[in-house]
Amino acid sequence: MNKRALLFRLGAVLVLIAIAACMMVIGRGHTIYLDNKTLEYEGTEYKAYYRATLYGPDGEKISRLNARERGMTTNIGQSFSITVGIIEQKDADEVMQTIALKLPYNMDGIIVNIPGYLAGLPQEAWMSEFVATPSEAELQEEAPADGEDVLAGAEF
């Protein structure tokens, strides 16, 4: 193989690596769960709002959350912004607040507690990673029954 062909191949590989690196940062998708739940932090309780309405960047209504409910949205990229219409108690006026975050790269499912965020608490108080817990049926499916030979039918 001559020098010129080798240079073209190395150049193509470098371009593909650069594109892949950019897509990892730019095109990273996140599922964001927004909680309207009471949060306790350092002995202080931050009450859930009577109602929180989530609006997307273009003003469209995404979800309406009553107290103790969770909404979900997806986001592409590392920055996230959403407008939340807050009604603190029944028959009160809606107050608009904006939630703007830099999303951590290492989390796929991110839970944001709305009352904690809007109270100005530190990130570790209102942000956590969503970890799905298996249902009882899934757990029973995986576990062998008492007395059942785990290796029965296995080929060696």
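No hydrogens, no waters, no symmetry mates; every other heavy atom, side chains included, goes into these values.
- Contact annotation: the side chain of Ile110 approaches that of Met127 to within less than 4.5 Å [non-hydrogen atoms, C-beta and beyond].
- When the side chains of ILVMFWY residues are joined at heavy-atom separations under 4.5 Å, either directly or via intervening members, Leu103 and Tyr33 end up in two distinct hydrophobic clusters.
- Judged by distance alone, the side chain of Tyr46 and the main-chain N or O of Leu118 form no donor-acceptor pair under 3.5 Å.
- Contacts of Asn66 classified as side chain to side chain contact (heavy atoms under 4.5 Å, CB included), with partners at least two apart in sequence or in another chain: Arg51, Glu69.
- The backbone N or O of Ile114 sits nowhere less than 3.5 Å from a side-chain atom of Trp126 that would complete a donor-acceptor pair.
- Of the inter-residue distances, the one linking Arg70 atom CZ with Asn113 atom CG reads 9.5 Å to the nearest 0.5 angstrom.
- Grouping Ile, Leu, Val, Met, Phe, Trp and Tyr by side-chain contacts under 4.5 Å, direct or through others, puts Val13 with Ile17.
- Counting side-chain heavy-atom gaps under 4.5 Å among Ile, Leu, Val, Met, Phe, Trp and Tyr, the cluster of Ile87 also holds Tyr50.
- A side-chain hydrogen bond (donor to acceptor under 3.5 Å, both in side chains) check over residues 72-87, counting only residues at least two apart or in different chains, returns the pairs His30-Gln78.
- Val84 and Ala52 get closest at one heavy-atom pair: CG1-CB, 4.0 Å.
- Scored by the side chain to side chain donor-acceptor pair (under 3.5 Å) test, Arg64 finds no partners at all (sequence neighbours excluded).
- In this structure, the side chain of Asn36 engages the main chain of Tyr49 through a donor-acceptor pair within 3.5 Å.
- Met72 and Phe130 fall within a single hydrophobic cluster, where Ile, Leu, Val, Met, Phe, Trp and Tyr are joined by side-chain heavy atoms under 4.5 Å apart, directly or via other members.
- A distance of 10.0 Å separates NZ in Lys47 from CD in Glu40, rounded to the nearest 0.5 Å.
- Tyr55 and Leu101 are members of different hydrophobic clusters when ILVMFWY side chains are connected at heavy-atom separations under 4.5 Å.
- To the nearest 0.5 Å, atoms CG (Leu65) and CD1 (Ile86) are separated by 9.0 Å.
- With hydrogens and angles ignored, the 3.5 Å screen pairs a side-chain donor or acceptor of Thr38 with a backbone N or O of Ala48.
- Ile32 and Ile111 sit in two unconnected hydrophobic clusters of ILVMFWY residues. Membership requires side-chain heavy atoms under 4.5 Å apart, directly or through other members.
- Sequence neighbours left out, not one pair with a member in residues 88-98 passes side-chain hydrogen bond (donor to acceptor under 3.5 Å, both in side chains).
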